[in-house]
Structure formats: structure tokens, C-alpha cells
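Everything below concerns the one structure shown next.
All of these numbers come straight from a predicted model, not from anything done at the bench. Residue numbering restarts at 1 for every chain, and letters A, B, ... go by the order of the sequence lines.
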Protein chains: 2
Amino acid sequence: MNKAEKNVQREDKKGYPSPSLQRLPLYLRQLKQYQREGVEKASCTRIAQDLGLISVQVRKDLSMTGIAGRPKVGYNIDELISRIESFLGWDKKRKAVLIGAGALGGAILGYAGFVEHGLSICAAFDVDEKKIGTSIRSCPVYSLDDLEKFVEQNQIVIGIVTVPQSVAQLVTDKMVKAGIRAIWNYSPVRLNVPSNVVCETVQLSSSFAVLSSKVKSMLAEEKKKEQSKQ
Amino acid sequence: MNKAEKNVQREDKKGYPSPSLQRLPLYLRQLKQYQREGVEKASCTRIAQDLGLISVQVRKDLSMTGIAGRPKVGYNIDELISRIESFLGWDKKRKAVLIGAGALGGAILGYAGFVEHGLSICAAFDVDEKKIGTSIRSCPVYSLDDLEKFVEQNQIVIGIVTVPQSVAQLVTDKMVKAGIRAIWNYSPVRLNVPSNVVCETVQLSSSFAVLSSKVKSMLAEEKKKEQSKQ
DNA sequence: TTTAAAGCAATAAATTTTTATCGATTTTTT
DNA sequence: AAAAAATCGATAAAAATTTATTGCTTTAAA
């Protein structure tokens with residue numbers, strides 16, 4: 001590995017293990033389920049069982065939040081929930097805009113779950129004249145030309161990119177220029193952002209690749225079994 | 001870890017490293033980009049640079065497909081593309097149905113990229129009378145009651161779950177009963193499937209958790225800097 | 001024709017993430 | 001009141017993944 005490559009990698013000085021971070025929403029959902037059921041305490045053993053994980057992993061993951069549990073009892077669910085939420089910053093409202101009011105954009109606007117995570121999508125932007133001026137899921141759609149002004153005036157922190165990949169970088173540059181600090185990218189391209197802006201890309205095809213690999217090995221295994229029978 | 005926990009974990013005897021699998025679509029997209037540009041060969045160095053990775057990692061990932069490269073030159077792009085595609089089974093058409101013709105379902109139906117990955121969504125199913133009988137993106141929407149019959153008659157392999165979490169398991173059970181072999185789950189719950197069915201869940205909130213963590217540490221760092229200035 | 005540079009392939013080292021182990025603590029049972 | 005069971009927290013070990021190193025091969029330049 002040369003020095004240039006090294007520097008590219010060093011850009012993300014990660015604090016917490018990403019796999020652990022990714023599991024936190026799972027715990028959160030399960031814990032809220034317990035809450036609805038009227039349960040007050042939960043042990044790692046219980047949580048692990050319900051999520052198909054193992055207890056040590058759950059314990060280690062949850063320890064990121066600084067929660068203290070009691071032996072033989074577990075954690076207080078209310079406290080654990082608020083610990084996870086505050087750990088992720090989900091207890092604070094973060095203003096966002098969404099660029100690309102197409103089908104995917106509409107789906108994200110429609111998913112109520114994100115509101116619970118502090119995500120407040122204030123406006124959507126598009127270039128389609130037919131969409132501009134309308135509302136999608138009670139979120140106003142404005143012209144992309146007004147993006148920068150809106151971001152500046154409303155102190156928007158997060159930008160959600162749901163445009164075709166051909167214009168994703170363009171839109172990103174616009175947002176960065178306007179002062180956006182974080183980008184949640186649903187387009188399948190790597191976005192270039194300055195070091196003072198964070199970016200996270202959702203790769204739907206990555207997930208499909210994993211599924212495809214599972215399918216392939218499943219079918220291969222069955223073929224093998226089939227043959228050995230004869 | 002007790003024995004029960006061990007068994008839960010052992011269920012997924014993985015063949016290839018999941019992080020590597022997840023990067024394959026990235027390579028594929030970049031390679032197709034090269035193809036459009038008329039480039040014929042690409043080295044790991046080049047690919048790594050363009051994707052923000054390092055060359056050894058790219059080389060190791062690509063070696064999964066069994067491709068052979070030439071020193072000082074790199075890989076033949078056409079061959080590499082077809083190697084990756086066949087490795088993932090994306091060179092074969094796999095029939096799928098989609099359950100839940102809402103906003104998210106519509107977004108998936110509208111994403112042309114999946115067709116390139118061999119995914120052929122033959123029909124969508126819903127319970128909403130207003131949707132049944134219509135077409136979304138030239139994909140017919142049928143009543144959920146007809147799901148089992150359709151899956152059986154058309155030899156559907158993959159089921160895509162885009163229903164609210166409250167009915168996700170129900171729908172899954174229906175599909176499994178009908179003979180579906182793979183489930184691509186967009187609902188935020190863990191689905192129980194028999195061992196002869198594979199399942200992959202897309203966790204959008206996991207991605208948001210990672211972004212949120214980045215935002216939080218970014219803001220924290222800035223605060224620290226701000227304070228040290230005074 | 002020789003030398004240098006680029007880069008593949010394989011192997012080794014380092015890092016990260018997961019899993020196991022163990023002692024201590026709290027509750028429940030005897 | 002003592003013993004047993006559950007489970008936390010911390011530490012250690014194992015496994016998975018990433019990164020580094022080395023030698024060899026191919027191409028291009030001197």
C-alpha cells in the first residue's frame with residue numbers, strides 16, 4: 001500500500017465499531033417492543049434470544065452507551081432506550097432536506113420511523129415542474145434552484161440524496177456549498193465531500209449481492225445433494 | 001455463550017466474507033463505467049483509486065471470482081464484469097414477487113438497476129382494493145389472496161417484503177408455504193424462515209445510525225476545538 | 001539488450017470484531 | 001441463612017477482515 005492510499009483510508013478515523021453501531025437500531029426496536037408489552041427490565045440473554053444474537057455481543061454493544069445493568073435482572077428498559085437514543089443523537093431533532101422527489105424520495109418521506117430518530121425532513125427539492133409547488137406526505141416540494149437559500153435560511157444539517165446517479169455529485173456540491181454538514185446518500189455512487197462534511201451511502205445492491213450469494217450457494221448445495229443421491 | 005446461542009449463530013455458515021461480497025456491486029458499477037468510456041483493461045490500483053479503496057483489498061475481493069490479471073496491465077474489464085456477474089448469479093434471471101405495493105415497493109419496482117442484476121419482478125401483491133388490478137411501473141398488482149397460487153404456478157424464487165412490520169412475518173409465512181426460496185426483507189423486523197430458505201434484511205435505520213454517529217462526533221469535535229480556542 | 005516501473009499473486013502481519021471465560025453481584029430457592 | 005442460579009462487567013482468546021510485504025512477471029523506457 002502506498003502513501004496516497006494510506007491517506008485515503010485514514011480519512012475515516014472511526015470511533016466505535018460500525019457493526020455495533022448498526023445493531024443499535026435493532027436493540028432500540030426490540031426494547032420499544034418490550035415497552036409496549038409493559039416489560040420494565042431486560043437482560044442481554046433475553047434481548048439476544050429475541051434478536052437471534054448472542055448475549056456477550058449484546059452486552060458489549062450496549063456498553064457503548066455507558067448503561068449499567070444489574071446481575072440477574074438486566075437493564076432498565078426506559079433508561080436503556082434513552083441511552084441509545086442519546087448516544088446516537090436521536091434525542092435531538094436534526095433538520096434535513098431531501099433532494100429528488102421521485103419514488104424513492106417519496107418512500108423515505110413516507111417512512112414514519114425516521115421521525116423517531118430525530119430526523120426532521122423540512123422540504124424536498126426537485127427539478128420536475130409538475131412536482132414543484134406540491135406536497136408529498138405533507139412535505140413541500142421546491143425547485144432545486146431554491147435549495148441553497150433554503151438550507152442557509154433554515155440551518156439544515158442533513159441532506160438526503162435520492163436523485164439519479166448522474167446528478168448526485170452535482171446536487172451534493174450544491175448542498176455542501178450551502179452549508180450542509182451530513183449527507184445520506186441513496187444513489188449508487190461515491191460522493192466527494194470535503195473533510196468537514198460526513199457522508200453515508202445506502203447500498204441497496206450490496207444487500208442484494210449478499211442475498212444472491214446465499215441463493216447461489218443454496219442452489220449449489222441442493223444440486224450436490226441431488227447428485228449424491230443417485 | 002451457551003449451546004442454544006451457538007446453534008442460532010451457526011445457522012449462517014458463510015462461504016465468502018460478507019464485506020467483500022458487499023463491495024462487488026461497487027466494482028461492477030465502476031467497471032461498467034470504464035466500459036462506457038471505452039477502456040479495456042483496469043488495474044487494481046486504478047479501481048482502488050476511483051473507489052477510494054486500497055489496491056490489495058480490491059485484488060483480494062476480485063480474486064473471489066477466480067479472475068487472473070496480468071502484471072503491469074491489470075484485468076480485462078469485459079471478462080471481470082462477467083466473472084463478477086456469474087459469481088453472484090446475476091447472469092441468470094431470477095423470478096421474484098414483491099409484497100406491499102406502497103411507496104417503498106414502488107421505488108423498488110422503479111429502480112431499473114435490479115433488472116441488470118438478474119432480478120425479474122413478475123408481480124406485486126397488496127391488500128388495498130384500490131391498487132389491486134392496476135399496474136405499477138408496468139408490473140401488475142394482484143390480491144394477496146392470489147400470492148400462493150401465483151408463486152407456485154410461476155416458479156418464483158425470490159420474495160421482496162415491503163409491507164409494514166406488523167404483517168411482515170405473516171406475509172413471509174405465506175411465501176414460504178408457497179415455495180419461495182429467498183426473501184429480501186425491507187421491513188425492520190427479523191423474519192423467521194425455515195433452514196431451506198435464505199433471507200437478507202435491508203436495514204435503512206442501521207445506515208442512519210452510522211450517519212448519526214458520524215454527525216455526533218463531528219459536532220463534538222467542533223465544540224472541542226471551539227473551546228480550546230478561547 | 002538491459003534496466004526500471006507497475007502490478008499481480010501469495011503470504012504474513014496487523015487490526016478489528018466476535019466469542020469465550022471468569023470472578024463478582026444480585027436475586028431466588030432451599 | 002446458606003446455596004444455587006442468572007447475569008453483569010472485564011479480560012482473554014479466537015476468528016474474521018484488512019493491510020503490509022515480498023517475489024515474480026510483464027511492459028516500457030533507456
Roughly how far, to the nearest 0.5 Å, is CG of A:L26 from CG of A:D50?
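It is 11.5 Å, given to the nearest 0.5 Å.
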Min side-chain heavy-atom separation [X]-[Y] under 4.5 Å:
X     : Y     : answer
A:S82 : A:F87 : no
A:K41 : A:I77 : no
A:I47 : A:L31 : yes

Distances under 3.5 Å between nitrogen or oxygen atoms of protein and nucleotides 5-7 of chain C:
residue : atom : partner : partner atom : Å
C:dA5   : N3   : B:K72   : NZ           : 3.3
C:dG7   : OP1  : B:S43   : OG           : 3.4
C:dG7   : O4'  : B:K72   : N            : 3.0

Length of the [atom1]-[atom2] vector between [X] and [N], whole Å:
X     : N      : atom1 : atom2 : result
A:Y75 : C:dT26 : OH    : P     : 14 Å
B:N76 : C:dC8  : CG    : P     : 13 Å
B:R23 : D:dT19 : CZ    : C1'   : 12 Å
A:L62 : D:dA10 : CG    : P     : 14 Å
B:L80 : C:dC8  : CG    : P     : 11 Å
A:M64 : C:dT18 : CE    : P     : 10 Å
B:K41 : C:dC8  : NZ    : P     : 12 Å
A:Q22 : C:dT16 : CD    : C1'   : 14 Å

Which heavy-atom pair separates A:L24 from A:I84 by the least distance, and what is that distance?
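Residues A:L24 and A:I84, closest heavy atoms: CB-CG2, 4.2 Å.
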Which heavy atom in B:V161 sits nearest to a heavy atom in B:M175, and how many Å separate them?
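Residues B:V161 and B:M175, closest heavy atoms: CG2-CE, 3.5 Å.
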Nearest-neighbour nucleotide for the [X] side chain, [options] considered:
X     : options                : result
A:I54 : C:dT18, C:dT19, C:dC8  : C:dT19
A:Q57 : D:dA10, C:dT18, D:dT18 : C:dT18
A:K60 : D:dA12, D:dG9, D:dT19  : D:dA12

Parallel, tilted or perpendicular, judged at 30° and 60°: which one describes the rings of B:F114 and A:F208?
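Aromatic pair B:F114/A:F208 classed tilted.
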